[in-house]
Each structure stands twice: as structure tokens, then as C-alpha cells.
Undergrad: 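Please read through the structure below; I'll follow up with questions.
Numbered from 1 within each chain, the chains take letters A, B, ... in sequence-line order. Because only heavy atoms are used, hydrogens play no part in the values below, and waters and symmetry mates are left out as well, while side chains stay in.
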Number of protein chains: 2
Amino acid sequence: MTAVEQSPLVLKLSNFVVLTDTELNVLHHLHRRGRSFVAGRDLVQQGQSEQAAYILAKGWVCSYKIQPDGSRQIIDFQIPGDFLGLRSVLLRTSDHSFEPITDIQAAEVPAGDLLAAFAQTARLATAVLWAASRDEAMVVEHLVNLGRRDADVRVAHFLLELGARLALVGMGSKTGYDCPLTQYHLADALGLSAVHVNRVLRQLRENGLVTFRNGKVMFDDRDRLVQFAEFDPEYLDQTGPLLT
Amino acid sequence: MTAVEQSPLVLKLSNFVVLTDTELNVLHHLHRRGRSFVAGRDLVQQGQSEQAAYILAKGWVCSYKIQPDGSRQIIDFQIPGDFLGLRSVLLRTSDHSFEPITDIQAAEVPAGDLLAAFAQTARLATAVLWAASRDEAMVVEHLVNLGRRDADVRVAHFLLELGARLALVGMGSKTGYDCPLTQYHLADALGLSAVHVNRVLRQLRENGLVTFRNGKVMFDDRDRLVQFAEFDPEYLDQTGPLLT
DNA sequence: CGTCATTTTGACTGGAGTCAAACCGGGTGG
DNA sequence: CCACCCGGTTTGACTCCAGTCAAAATGACG
């Protein structure tokens, strides 16, 4: 019926839970307060505590921490359908910053609205918590990536994970996806230097595994790439008790 | 009155929230089902889903993931007062394994009991969620550690963080703490080889910063160590809306 | 056409891994 | 009581992955 059903969040949650009209209405209500932000200017400053979360509708964001020496570690990327600052709202803490990578559109969700929505439909609360738990599993996987994988496998794994996430909201397929990240973004996320990221990308490309170029990621040989990256999407699948 | 007040969990939560008799009673109730496990044998296998969480009362545990190539990445260490598998209970997923590092004692908390306790006192639920959010902040900091710090700073930072956590449950001070970890544990947690961990520890010791030996960690010059490690305990402080 | 961000490439360096061998302390069994 | 073993620690020699520095190439944009 309405455009809500096209919203990335609805698409994403639909992978876990069958949403009824009630929940769709509540979600529609949450999307009420649309806002826009331009690329580059931080959304929430490190350390600051916010009383509202955002549901990302369009564009890409990253969350990161700056080190005293000026280097940056990207914790995670947010793509359409993801929450921004959900934890800050629920738990009144925000220990990192958000930077829009592209111009973005997001729905602002005051803490009160969110809690009210959860109170209205427990199923929605469950679905959102699942999404949050998946985000956390991704942070853990990211940690494993940094701690125990070489640069080439690390990059490959990252590109596959991103593809899987995008596919959930209809923005990617088995063959590839659009990706506005620069090689600096990859470097900051993967704990590598931009120069080395470039070398690794070249190597992956020349080996016919994956091509990262002109804002597009193309899986040239996805099966071999999955094998090379030791990519096991289990931690993303979340086929929980599928509420019907 | 009872021994509950000595429980590490109570000690820890007391840092965030003033607990009333009601909450102390509920906590006491949760501690009812004491169980013991021996060092080395896994508590929960990777991938398995559990219907109970544990409150660690005595001993140390680590949570980790094994890579296809056999190497291991330790996600986090659990010390007395920490929950084990809290997320698995709330969200029905468990994507990593737990290994007792020492013999341990823990209280088994069935999912139902936990949810009932939360329903009884929202303040307790809030306190526990705070603790969980702190754990998550630590995982994020761990990620930054792996991604952006050299081995020496990484090790120093880790030892300081551990000390701060132990201090919260009365098991450590500004001068040092007892620590049953081997250098292999440090290596698996910090994404280093055991050999290199050893070299770094020697260097830190010879520089008069910190000594890791015979199951003890001694801060030889804590101020300089804090500075060297760029350790900012803000993410641990969690001085939230201090419910009274 | 110039500017700026981003990508690409090369040469060199250094931090951390690997391999290998001692060493040490505490159990344990002959 | 001593020899042995075993997990953990320590040290050295060598290798190599990834960082740094520097410069050129590319490309979007005003």
C-alpha cells in the first residue's frame, strides 16, 4: 500500500519476521520525521549523548573513533535500513562518532517514540533487537578480521560481508553492488594503509576474484572469492525463531 | 546481611546504581543455582544456542572464535561479576565459544528467571543493560586496539583495561592484580604471536612500566604506562544517570 | 585549464611472524 | 629422592608482510 513497504528497514526486518499491518503502521509512524545531512560533516560527535536515534533511509554512514595520534579506526558502516545511535538512545552512551560518507536521508526517531513503539508491539521490538544483535555479531567478526587475517583475506572478507548486507535491503546481488567508499575508507576500517589496500585490490582483481573500481564492486568469481576469504555468512543469517 | 552483597556482580553494579533491598533480593535469587566447571573444557560450543546464561562468581573465562586455519581470536575475557551468554539468552544466538581459563564457579540463570527478574525491577534491568553496554564498548575498544595500535601500546592498553575492570569488583588496585592468563592468551586476544608478546612484555618491564610475571601484573609506573598506552578510561566509566 | 581528491606504482624500511632451541618450575611416578 | 615430562617462558636468527615516503597518473569539477 504505502511507500513504507519499500523502506530499507522494512525490507531488512522482513528477512527475519513477517510484519503485520500493525507493525507496518508503527514503522510508518517512526519514519515520519525525515531529515537530510550532507556528506562529510559529522552527525554525532564522539562522547556526546543524544536523545534521538536515526533510521538511515538513503546513503552511507560510518561510525569511527579517532586515536590521539590522529589515525582513525572505522568501527562499522551503516547502510540504508540500519539504525544510527540505537544504543545511545537505549543506554545513554555514545562513544564514537558518525560521519555521512554520502549525502544521506534519515528518519529521526526520538527516544520516547522508539520506546512507545516497542511497547506497542513486542514483535517489532524483537525484530529490532535481532537487527541490533546482528550488528554486534558483525563487530565481532570485524574484530576477528583485524586480529587474525592477512590483508588480502581481510579485504576479500569485508567486500563479501558488505555485499551480503546490501543484498538484504535489495541494493546488491551475487554479482556485485554500488559502493561509494574510497580506498581510504577501506584502509581505516581494515587497519591497513591506503597504499596497501590499493595493492591488495589490484592483486584480487588480477587474480580474477573481485573488482573494486569506479564506485562499483564486481564479484568476478564469487565462489572462489568466498573460499579464498573463508567467508561463512552464518553470523549474518539470523534465521531465528522466524515469527510468522 | 547475606553474602550476596559480596558477590562480584553486586559490587560491579553498585558502581553504577544504588541497589535497594528489593534488587539485592532478586539478585540473591538469581545466584541460587551454583555450578562449577573445570579449566579447559568449553562451556558453550560455538554455534550452539543455550537457554541459560551464567553469572561468573569465581575464576576467569574467555570467549573466542576459531578460524578455519586453526588460529584463535579471543573476543573478550570474563571476570567475576560478568555475565556469560547474556546475549544468547536475550537473542537466541551464540556465535562464539567460552573456555574457562581457571576452574570457575558460576550461577546458572535460566532465561525465564532473568526475564522475570527484569520484569520485577526495571532498575535492575537498567543496571544489567548498562553492564552489557560497557562490555560492548570494550569490544569496540578492543577492535580499535587491533586495528590501530602497535604491539607494545596494544599490550600496555590491554593490561590497563583489565586492571580497571578488576578494580570494579575489588580484585585489583592501582598497583597491580593477580592474573592467571598465559602469554598465549594475550597473543590470541591481541592478534600477536606468543613470541612477540614475550618480547613486548620484556621491553615494557625493562622500561620500568609494567611487570607481567608469575601470575601477577604489577604497574611499576602507572602514570607513565597510562600515557604510553594512550589509555583513556572514559569508555569504562559509565557514570550514567546514576539512579539513587 | 587548473585544482583537488583519489588511485596507482616503485623503492625502501621496519615491525611482527616463524622456526628452532634452551630454560624453568612443578607435578608425578619409579 | 631424583629423573622425567610438560606447559609455559625466554632468546636468537632469519623472513616477509605491510607501512612509509615519494611521485606520477587519473579523473571529477568549477
Undergrad: Report yes or no: do Tyr64(B) and Asp42(B) form a side-chain donor-acceptor pair below 3.5 Å?
TA: yes
Undergrad: Find the distance Asp188(A):CG to dG19(D):C1' and express it as a whole number of Å.
TA: 14 Å
Undergrad: Please report the distance, rounded to the nearest Å, between OH in Tyr184(A) and P in dT20(D).
TA: 12 Å
Undergrad: Round to a whole Å and report the spacing from CG of Leu181(A) to P of dT6(C).
TA: 12 Å
Undergrad: For His185(A) and dT7(C), give me the distance from atom NE2 to atom C1', rounded to whole Å.
TA: 15 Å
Undergrad: For the pair made of CD in Glu206(A) and C1' in dT9(C), what is the distance, rounded to whole Å?
TA: 12 Å
Undergrad: Hey, could you give me each pair passing side-chain hydrogen bond (donor to acceptor under 3.5 Å, both in side chains) that has a residue in residues 194-205 of chain B? Not counting sequence neighbours.
TA: Gln183(B)-Asn198(B)
Undergrad: Nearest-Å distance, CG (Asn198(A)) to P (dT9(C))?
TA: 7 Å
Undergrad: Is it true that a side-chain atom of Arg224(A) and a backbone atom of Asn207(A) form a donor plus acceptor pair closer than 3.5 Å?
TA: yes
Undergrad: In whole angstrom, give the distance that lies between atom CD of Gln183(A) and atom P of dA18(D).
TA: 16 Å
Undergrad: Answer yes if the ring centres of Phe231(B) and Phe158(B) are under 6.0 angstrom apart, and no otherwise.
TA: no
Undergrad: So, Phe98(A) versus Phe37(A), ring centres under 6.0 angstrom or not?
TA: no
Undergrad: Return a single string for nucleotides 13-27 of chain C, one symbol per nucleotide in 5' to 3' order, where B is base contact, S is sugar-phosphate-only contact and - is none, cutoff 4.0 angstrom on heavy atoms.
TA: ---BBBB--------
Undergrad: Closer than 4.0 angstrom, basic N to acidic O: yes or no for Glu230(B) and Arg148(B)?
TA: no
Undergrad: Is the shortest side-chain N to carboxylate O distance from Glu141(B) to Arg134(B) below 4.0 Å?
TA: no
Undergrad: Hey, is Lys58(A) close enough to Asp103(A) for a salt bridge, meaning N to O under 4.0 Å?
TA: no
Undergrad: For the residue pair Ser63(A) / Asp76(A), report whether a side-chain donor-acceptor contact shorter than 3.5 Å exists.
TA: no
Undergrad: Identify all pairs in which a protein N or O lies below 3.5 Å from an N or O of nucleotides 24-30 of chain D, and state each distance.
TA:
none

Undergrad: Measure from the side-chain heavy atoms of Arg202(B) and tell me the nearest of dT9(D), dT11(D), dT7(C).
TA: dT11(D)
Undergrad: Figure out the CZ/C1' separation between Phe212(A) and dT8(C), and round it to whole Å.
TA: 14 Å
